[in-house]
Structures are given as structure tokens and as C-alpha cells.
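Just so it is clear, the values below take in all heavy atoms, side chains as well, and ignore hydrogens, waters and symmetry mates.
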Amino acid sequence: MPPDRGPRGATRLLDAITDVGGIRVGHWTHRRWATGCTVVICAAGAVGGVDVRGAAPGTRETDLLRPGNLVEEVHAVVLSGGSAFGLDAAGGVVRYLEERGIGLHFAERTIPIVPAAILFDLGLGSGARRPGAAEGERAARRATGGRVAQGSVGAGTGATVASLLGGDRALKGGLGTASERLESGATVGAIVAVNAAGAIRDPSDGSLVAAPRADGSGFVDLDAHLRSGVRWPELPGPDAEDGEDGPENTTIAVVATDARLTREQANRLATVCHDGFARTIWPAHCRSDGDVIFTLATGAVEVDRYAYAALEALAARAVERAVLNGVRAAEGLAGVPAAAEWRDEGR
């Protein structure tokens, strides 16, 4: 779907990562299996960056994005459910891009560079079914530059939030997107798959969007519960006592901009964008999290150091709003209600 047009033909922002020129997004969704994947494509190539903050990540091709390494171009990023199995979805995207001659041209070959990150959703639907190469290729084939579906779609299909006190108190997470445009002419957008153990809060007014479900209705006071020292059902980390597993949770994102950035700037932008997680998700970046943010810079717009500073601030803001949009747009699935549904039931 083409962008809306405002007065005198000016492009009106869709409040999506696809507001960045050259960025396309596609989803593969399976609601019965409660899983899916999302592909962000930049066919012309982009300077990439990454920052992995969670202690339990599942990733592919992150080392090549770090400063000092050889490859400068990224052609797509995959966000997927399915835990470590979901990394296979990136292979399908590589195949799709290679068939179209999109990638790094090296030794008479076309080699698409496709980093990826996964989240854990195996406990919500059929854990035996997860995104693979065929599903990743389908998502890539569906990629467009228009409006982006949000909520219980793509990588957000099986996502949950507020699971820190047990899965029976969780609410539905989801996939969200948002964008910001600077007076300098640069645009930055984010797409986030929100699968957080913690509560979700709107930093603009401090209101609680989602938290562990209280008995009957409302939310558990998570701050008070954690301060109390009372043991909750699922302990974090692989060293939990009595063989218990911790809450499996990860929030993963792609931030794209049309600003011209160096590899160092792209990586620093990824670092700053984690502030968007920290301002909306509490707690975040914990031992059992796999929180990851990728960045893509297409280089269409020159930015000076002042414009870059503004870009960092507004990129983090786009991440904040994408987190909130994903949780607010989510629909209940596999017995887990959405935050909006839980609020309505509790009235």
C-alpha cells in the first residue's frame, strides 16, 4: 500500500519503519502454532550495527556488524520466534535475496548479508513447529514498503509480556513499529518484537500498560512483590533450584534510518536505542533475557554531529513507541489475554 499523501503531495508518515526510504517489511504468521517471523529488507544495502544487552541471546551474523570488521553492507535482518530453531528462517531470506541478485558481490558470487535474532515462544503454541527457511522466504516475498501490520503477527505472534511471576499471569506481547522525522530531513524508524518478562509502562505519563495479572482482575504490584523477597514460581536463569526454568523472554528490534552513518555511529545508535527498552520495560536486560537491537543506515541523508545527536534521541523515542504499539495492538492468543482484554474484563 503506498504512503498517504498530505497537502501538495507531501508524504505523510505512516509511523512505521517503512517511512525510511528503501526499507520493506514482511511477516510470516501462524496463529495456531503461535509463532512467526518478520523480515526487514534493505535491497540497496545499509551500514549495519548491533548491541546485544540480554545475557541469553540467540543471534546470527552479529560479529560482522562490529567496528573493524570487513563487511560494510547488510541487506536484511530477520526477527523470529521459535527460539534457536527460528534462526533457520534467515536461510530462506538469504535464498530469496540471492535469487534476485541482492547481496555482496564477491568472487563472482552474490552473498546476501542477513543477521538475525530470535525470541522464545515455544511454550505458547505448538513448540514442535517453528519458523524455518521456507517461512523466512515467505516473509521475504511478502515484504512491502507500505503500512506494517502490528500486534500478534510475525515475530510477535507468540510473544508474551509480564511473565516474571509465572506464565499463568502473563499477558500477550506483540510486534510494534513507529517512526520519527527530524527537521534535518532524516527519518528514523523502529520495529520491535516485545517478549518481555517485565511490566510495560508508558514513559510519557508513567501509566502501566501491562504487568503480571492479579487474581481476579488488575495487575500485581510488581515493584512491591520484588521488594518483598517472596519467591515467585519461575526462577531466572539455568541455575534455578529444583530444576525449574526461568522466564524465557527477549525483546528484539531493528532500527533503520536514512542518515549517512559510519559503522561506529551505527553501533553507537544501537546502544543508545536500548534506552527505549529500559524506559518502557521493567526489568529489562536481565540474565535470562536475549535483548538485541540491530541498526540499518541507508545513507541517503547527510547529518552533522548536531543532527546525529538528535537522531540518537529520537531513535530511542521511536523504540519506546514501537514497544507500546506492539503491546497495545496485540490480541489474545493460546489462552493468554491481551492487556486491553484483561483491562476490559476487570472493569
Side-chain angles (χ1 to χ4, degrees), residues 13-20 23 25 38 40 42 46 48-54 57 59 62 65 77-79 115 117 119 148 150-151 154-156 159 161 173-182 186-207 209-210 249-259 261 265-286 289-298 308-330:
L13 294 183
L14 300 174
D15 199 24
I17 193 172
T18 49
D19 287 326
V20 176
I23 297 295
V25 173
T38 295
V40 179
C42 182
V50 67
D51 192 338
V52 180
R53 288 292 179 94
T59 58
T62 53
L65 299 178
V77 177
V78 176
L79 306 179
L119 56 80
V148 178
Q150 300 183 76
V161 296
L175 183 131
T177 188
S179 70
E180 299 281 348
R181 181 163 290 172
L182 287 69
T187 302
V188 62
I191 190 164
V192 183
V194 190
N195 188 59
I200 309 297
R201 195 177 296 274
D202 186 339
S204 68
D205 60 10
S207 61
V209 176
N249 41 88
T250 290
T251 300
I252 50 180
V254 179
V255 174
T257 179
D258 52 13
L261 303 182
Q265 288 173 320
N267 276 272
R268 174 52 54 183
L269 185 64
T271 296
V272 171
C273 283
H274 274 282
D275 289 351
F277 285 0
R279 288 197 288 261
T280 52
I281 302 167
W282 189 83
H285 306 135
C286 298
D289 293 335
D291 299 335
V292 179
I293 296 181
F294 294 100
T295 51
L296 298 172
T298 67
Y308 176 72
L311 181 71
E312 288 182 326
L314 289 175
R317 178 67 54 81
V319 170
E320 287 178 23
R321 296 199 300 106
V323 169
L324 299 175
N325 288 342
V327 175
R328 286 170 171 157

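- For Pro203, the side-chain contact (heavy atoms from CB on, under 4.5 Å) partners at least two apart in sequence or on another chain are Arg279, Thr280, Glu320, Leu324.
- Residues passing the salt bridge (Lys or Arg N to Asp or Glu O under 4.0 Å) test with Arg268: none are found, sequence neighbours excluded.
- Between the side chain of Asn267 and the backbone N or O of Gly49 there is no donor-acceptor pair closer than 3.5 Å.
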Between Thr257 and Gln265, does the side-chain contact (heavy atoms from CB on, under 4.5 Å) criterion hold? Intermediate values first, please. CA-CA 12 Å; Thr257 179; Gln265 288 173 320; over 6 Å; no
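- For Arg317, the CZ atom counts as loosely surrounded, since its 6.0 Å shell holds 12 or fewer non-hydrogen atoms of other residues, nucleotides or ligands.
- Here the CG atom belonging to Leu175 is positioned 9.0 Å from the CD1 atom belonging to Ile252, to the nearest 0.5 angstrom.
- Using modelled atom types, no side-chain atom of Thr38 and backbone atom of Gly154 make a donor-acceptor pair closer than 3.5 Å.
- Taking the six-membered ring where the residue is Trp, His285 and His274 present perpendicular rings, their angle passing 60° and hence far from 30°.
- Among residues two or more places apart in sequence or in another chain, the side chain to side chain donor-acceptor pair (under 3.5 Å) test is passed with Arg201 by none.
- Remark: Asp15 engages Arg321 in a side chain to side chain donor-acceptor pair (under 3.5 Å) (not counting sequence neighbours).
- Taking every heavy atom of both residues into account, Cys42 and Thr298 meet most closely at SG-CG2, 3.9 Å.
- Taking both residues in full, the closest heavy atoms of Ala316 and Cys273 are given as N-SG, 4.1 Å, listed atom of the first, atom of the second, then distance.
- Thr271 contributes no side-chain N or O that, together with a main-chain N or O of Asp51, makes up a donor-acceptor pair within less than 3.5 Å.
- Residues forming a side chain to side chain donor-acceptor pair (under 3.5 Å) with Ser179 (at least two apart in sequence, or on another chain): Asp19.
- In this view, Gln150 and Thr177, Asn325, Ala329 satisfy the side-chain contact (heavy atoms from CB on, under 4.5 Å) rule, not counting sequence neighbours.
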